Asks: 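Dumping the structure here so I can ask a few things about it.
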Amino acid sequence: MDLNSASSVVLQVLTQATSQDTAVLKPAEEQLKQWETQPGFYSVLLNIFTNHTLDVNVRWLAVLYFKNGIDRYWRRVAPHALSEEEKSTLRAGLITNFNEPINQIATQIAVLIAKVARLDCPRQWPELIPTLIESVKVQDDLRQHRALLTFYHVTKTLASKRLAADRKLFYDLASGIYNFACSLWNHHTDTFLQQVSSGNEAVVLNSLERTLLSLKVLRKLTVNGFVEPHKNMEVMGFLHGIFDRLKQFLDCSRSIGTDNVCRDRLEKTIILFTKVLLDFLDQHPFSFTPLIQRSLEFSVSYVFTEVGEGVTFERFIVQCMNLIKMIVKNYAYKPSKNFEDSSPETLEAHKIKMAFFTYPTLTEICRRLVSHYFLLTEEELTMWEEDPEGFTVEETGGDSWKYSLRPCTEVLFIDIFHEYNQTLTPVLLEMMQTLQGPTNVEDMNALLIKDAVYNAVGLAAYELFDSVDFDQWFKNQLLPELQVIHNRYKPLRRRVIWLIGQWISVKFKSDLRPMLYEAICNLLRDQDLVVRIETATTLKLIFLNCSLPVDDFEFRTDQFLPYLETMFTLLFQLLQQVTECDTKMHVLHVLSCVIERVNVQIRPYVGCLVQYLPLLWKQSEEHNMLRCAILTTLIHLVQGLGADSKNLYPFLLPVIQLSTDVSQPPHVYLLEDGLELWLVTLENSPCITPELLRIFQNMSPLLEQSSENLRTCFKIINGYIFLSSTEFLQTYAVGLCQSFCELLRDITTEGQVQVLKVVENALKVNPVLGPQMFQPILPCVFRGIIEGERYPVVMSTYLGVMGRVLLQNTSFFSSLLTEMAHKFNQEMDQLLGNMIEMWVDRMDNITQPERRKLSALALLSLLPSDNSVIQDKFCGIINISVEGLHDVMTEDPETGTYKDCMLMSHLEEPKATEDEEPPTEQDKRKKVLALKDPVHTVSLQQFTYEKLKAQQELLGEQGFQSLMETVDTEIVTQLQEFLQGF
């Protein structure tokens with residue numbers, strides 16, 4: 001591409017590509033895409049975006065295309081890679097001038113220079129760093145800033161490289177320029193501090209911007225540029241100096257307004273100081289040891305004493321708390337239980353920590369956290385009144401939660417309390433003692449203090465296990481507090497029910513549950529929405545934490561049932577009342593927990609929810625996560641309703657249809673839960689319906705995905721086979737068989753087994769139609785047996801499938817044998833003999849008793865026979881039969897006779913205990929099926945006797961005796977013992 005002739009053409013197309021008219025935009029984008037691989041294109045782009053007289057949007061687009069081109073074509077090995085000559089020209093052009101006037105474009109140019117540096121610096125671009133260093137020294141403000149901006153992005157990019165050779169290069173770079181970077185930062189910092197009181201906001205902002213950028217460079221060099229930074233005096237000097245600089249900048253905040261650009265930049269710089277310390281501590285904990293004392297003194301003084309009053313701000317306090325927390329929790333600073341096994345560095349750091357965290361210091365931190373930082377603020381109380389749902393979302397972890405002060409203070413409290421619990425437990429217990437009895441509703445400060453202390457007791461629940469008699473405290477103090485209905489007491493009602501939720505998994509006697517359920521019912525009627533939402537949360541925690549088979553934690557349905565109707569009704573009313581998506585999801589989850597716990601006993605009370613869910617589903621069209629919560633609720637609802645869930649089909653089946661349709665965008669969010677709902681719907685369906693059958697059209701694309709959901713898909717297919725095998729196989733078997741054949745070519749061993757189990761179930765449920773419908777797969781199974789499939793689990797499944805065909809559809813087996821003899825170019829008898837031989841040889845691959853008995857029945861079904869091949873394999877058949885008899889025969893101790901333990905003579909409804917879920921409709925179908933299955937209806941003992949008797953009659957006594965002589969005498973003896981009485 002000739003530069004002179006091409007520039008105007010490229011400029012015109014770039015201009016068209018900035019158009020809002022798609023008719024103009026699309027052809028321009030296509031043309032630019034074609035030019036991406038043309039030699040000279042990026043030189044033209046460089047000329048365009050460095051020409052400041054051109055339209056800003058056009059220049060912006062040129063920069064973006066250039067930047068994307070670096071990713072795709074700069075590497076030597078890339079297809080259509082740029083030539084070395086053009087790259088050399090481009091590198092030189094990129095650092096000729098640092099005079100871009102537009103901030104956004106300047107940032108993009110800095111980023112793309114950094115991208116090139118990542119690939120070429122320093123080997124192919126040794127002049128980059130020296131050029132940047134010279135450029136940041138110039139007096140011209142614009143050039144200096146742009147060079148510094150580029151210097152930062154280059155340093156940041158080079159610091160992120162992880163290969164050992166690249167790390168070595170960055171260490172060398174850092175050592176070479178660290179002194180200069182420090183001097184540059186100190187210069188800009190001193191300039192800012194001199195100018196800050198001038199009142200000239202533009203000048204102050206200008207110098208502050210340079211201070212921030214030079215500090216960003218230093219951060220990357222300090223944290224990533226040295227293997228043992230504590231051995232470098234310049235590095236440690238810079239780090240020790242941070243605390244004085246921080247103090248200077250915090251003092252500056254007094255003279256800068258609270259609501260302007262300078263203030264924002266100043267706070268970002270202060271935060272960046274703390275990030276340097278936090279990053280250094282994270283990457284070099286032992287190098288940080290000399291800084292532990294100063295870091296703790298600085299952070300604690302600004303966060304927990306009057307020193308910070310008037311100068312600190314929330315994000316800074318959060319950072320200081322994070323610094324304290326990281327020092328307290330740092331694994332590198334924790335000695336082994338046996339001190340002698342600890343390194344000297346660990347012991348030194350531990351000694352500094354212990355010297356700092358004295359009893360007075362810990363006590364003051366604890367009291368200050370609880371009495372100051374845990375207090376609900378005016379802003380929070382206002383939000384509680386004006387936006388109660390927004391308040392609960394923030395409290396339980398909204399988008400901004402992890403960056404805000406409250407969760408940070410709570411995490412710091414938990415970590416310090418855990419680390420120093422012996423010191424702090426008496427302090428917190430004393431605070432509890434001072435708050436016994438009710439609190440005056442007119443004293444808002446006292447109410448908030450009690451709220452804060454209760455918060456601390458909840459957070460420290462596990463540490464206080466041995467120190468607090470929670471059951472007595474619940475009865476004597478907390479329960480009466482829940483009964484105070486005054487509006488001003490609502491923070492305490494909310495906090496107490498939250499506190500109980502924290503202790504429910506720590507210490508709470510089962511006998512107290514009815515009292516708690518009564519209290520929850522009352523609180524779900526509370527006038528305050530926040531209290532009701534918090535109560536629902538505690539109810540969920542009760543269900544989630546009562547899964548352990550331990551007396552105090554075990555959920556007792558009999559205790560809960562008297563309150564079920566009231567609770568479910570009140571929770572449903574809460575679900576209707578709340579409007580925020582997050583809150584509705586939360587309440588739905590609680591309702592799901594209730595349904596899951598009580599199962600079928602929910603049936604009388606779900607009518608209102610069943611009527612409401614279609615409306616909620618429609619309203620949540622734009623909220624896929626809420627729809628996921630609805631799907632989860634439906635799963636538990638279907639399980640609770642059992643066969644009655646058929647009444648939900650007008651709503652339920654379209655929901656499943658949408659959720660599992662991979663052509664619909666929402667499936668990305670809904671598929672996993674949608675498949676689970678589909679499965680439980682089948683398992684609880686009393687009969688097939690045309691609509692339920694029609695949904696299976698979604699399955700073929702799901703099988704093509706070969707995703708992590710395949711296991712559930714196979715369960716769904718089995719569900720249809722058990723539900724209505726004839727109708728299902730006649731409708732879908734051809735397509736399903738095609739999908740299976742494709743899957744078997746490219747699937748894991750476990751996947752093969754899952755496919756074959758579906759085929760096996762189809763043969764078991766429908767011995768006539770099953771083999772016909774899955775006929776294309778059976779030759780593969782036959783071949784696998786003959787060739788001795790090497791994976792035992794696959795071979796076991798092959799033999800299970802073939803056993804079904806041989807035992808239950810003899811004519812089909814004969815036609816299959818004929819087909820395979822033709823394919824193998826062998827005589828049928830020879831092939832049959834090979835199959836029997838392999839079957840006998842690989843019998844040990846079969847571990848399931850049902851399949852082992854099936855194999856014995858299948859091979860015995862070949863008798864009586866005068867076929868010489870079968871007679872030749874008679875010994876093996878008898879061996880398998882005796883093995884099967886050993887597997888299934890149990891001796892009656894009273895009569896001394898043997899009985900086949902797999903026989904099922906009548907249909908018994910399994911009686912579920914209180915802890916067990918009642919049988920699903922599919923469980924019942926499987927039981928009915930078992931009553932028709934030869935494995936469970938044919939006595940192997942009698943079948944063996946009858947087949948041997950028939951063989952004896954066919955051959956005569958002498959012929960049969962000759963046949964029996966081929967069997968090992970020990971096996972014959974065992975066989976005779978099993979057949980006594982016949």
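Since we're looking at a predicted model, the values are computed, not measured. Quick note: numbers below take in every heavy atom, side chains included, and nothing from hydrogens, waters or symmetry partners.
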Asks: As an exercise, state the distance from CD1 of Ile635 to OG of Ser645, rounded to the nearest 0.5 Å.
Replies: 12.5 Å
Asks: Does either side chain, that of Tyr454 or that of Gln477, offer a donor lying less than 3.5 Å from an acceptor on the other one?
Replies: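 There is such a pair (donor and acceptor under 3.5 Å, judged by atom type) between the side chains of Tyr454 and Gln477.
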Asks: I want to check something: taking the side chain as every heavy atom from C-beta on, are Tyr489 and Leu447 in contact at a cut-off of under 4.5 Å?
Replies: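 They are in side-chain contact.
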Asks: Taking all non-hydrogen atoms of both residues, which atom of Met902 and which atom of Pro849 are closest, and how far apart?
Replies: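 Where Met902 meets Pro849 most closely, the heavy atoms are CE-CB, 3.0 Å.
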Asks: Specify the closest pair of heavy atoms between Asn698 and Asp661, including all atoms of both residues, with the distance to one decimal.
Replies: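 In terms of heavy atoms, the two residues are closest at ND2-N, 3.6 Å.
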Asks: Kindly compute the distance separating NZ (Lys490) from CG (Asp528), expressed to the nearest 0.5 Å.
Replies: 4.5 Å
Asks: Heavy-atom count check: over 12 atoms from other residues, nucleotides or ligands less than 6.0 Å from Met515 CE?
Replies: yes
Asks: With heavy-atom distances below 4.5 Å as the criterion, would you say the side chains of Leu616 and Leu588 are in contact?
Replies: yes
Asks: Check whether any side-chain heavy atom of Ile656 lies under 4.5 Å from a side-chain heavy atom of Leu653, and answer yes or no.
Replies: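 Yes; the side chains approach each other to less than 4.5 Å.
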Asks: Rounded to the nearest 0.5 Å, what separation is found between the CG atom of Leu561 and the CZ atom of Arg597?
Replies: 13.0 Å
Asks: Looking at Tyr669, is its backbone amide N or carbonyl O close enough to the side chain of Asn624 to form a donor-acceptor pair, meaning the two atoms are under 3.5 Å apart?
Replies: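 No, because the side chain of Asn624 does not come within donor-acceptor range (under 3.5 Å) of the backbone of Tyr669.
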Asks: Could you report the tightest heavy-atom contact between Gln730 and Met773, atom names first, then the distance?
Replies: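 That would be CA-CE, 3.9 Å.
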Asks: Does CD in Gln559 sit with more than 12 non-hydrogen atoms of other residues, nucleotides or ligands closer than 6.0 Å?
Replies: yes
Asks: Taking the side chain from Arg493 and the backbone from Glu481, do they hold a donor-acceptor pair closer than 3.5 Å?
Replies: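 No: the side chain of Arg493 does not pair with the backbone of Glu481.
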Asks: Got a sec, which residues hit salt bridge (charged side-chain N to carboxylate O under 4.0 Å, His left out) with Lys757, two or more places apart in sequence or on another chain?
Replies: none
Asks: Does Thr689 use its side chain to pair, donor to acceptor, with the backbone of Leu692 at less than 3.5 Å?
Replies: yes
Asks: Quick one: pull up CG in Asn709 and CZ in Phe714 and give me the separation to the nearest 0.5 Å.
Replies: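 Output value for this atom pair is 11.5 Å.
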Asks: Sorted by first residue and then second, give each side-chain hydrogen bond (donor to acceptor under 3.5 Å, both in side chains) pair with at least one member in residues 583-593; sequence neighbours left out.
Replies: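 Pairs touching residues 583-593 that pass the test: Glu389-Thr583, Thr537-His586, Lys584-Tyr612, Ser592-Thr633.
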Asks: Check whether the side chains of Gln922 and Asn718 place a donor and an acceptor atom closer than 3.5 Å, and report yes or no.
Replies: no
Asks: Side chains of Glu727 and Tyr720: any donor to acceptor distance under 3.5 Å?
Replies: no
Asks: Check whether more than 12 heavy atoms from other residues, nucleotides or ligands sit under 6.0 Å from atom CD of Glu385, and answer yes or no.
Replies: yes
Asks: So does Asp558 pair up with Arg556, basic N to acidic O under 4.0 Å?
Replies: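 Yes, this pair counts.
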Asks: For the atom pair CG (Leu448) and CG (Asn455), what is the distance rounded to the nearest 0.5 Å?
Replies: 12.0 Å
Asks: Between Asp673 and Ser659, is any side-chain donor less than 3.5 angstrom from a side-chain acceptor?
Replies: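 Ser659 and Asp673 do not have a side-chain donor-acceptor pair below 3.5 Å.
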Asks: Please confirm whether the ring centroid of Phe696 lies under 6.0 Å from the ring centroid of Tyr732.
Replies: yes
Asks: For the residue pair Leu736 and Leu703, establish whether any side-chain heavy-atom pair is separated by less than 4.5 Å.
Replies: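 Touching, per the 4.5 Å side-chain cut-off.
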Asks: Got a donor-acceptor contact below 3.5 angstrom from the His936 side chain to the Asp933 backbone?
Replies: no
Asks: Is the backbone of Gln472 close enough, under 3.5 Å, to the side chain of Asn476 for a donor and an acceptor to pair up by distance?
Replies: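 A pair under 3.5 Å: yes.
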Asks: Could you point out which residue of Phe470, Tyr462, Phe465 forms a ring pair (Phe, Tyr, Trp, His ring centres under 6.0 Å) with Trp503?
Replies: Phe470
Asks: Measure the spacing between CG of Leu679 and NZ of Lys715 and express it to the nearest 0.5 Å.
Replies: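 Nearest 0.5 Å value for the CG-NZ distance: 6.5 Å.
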Asks: Testing the 3.5 Å rule here: is there a donor-acceptor pair between the side chains of Ser685 and Tyr649?
Replies: yes
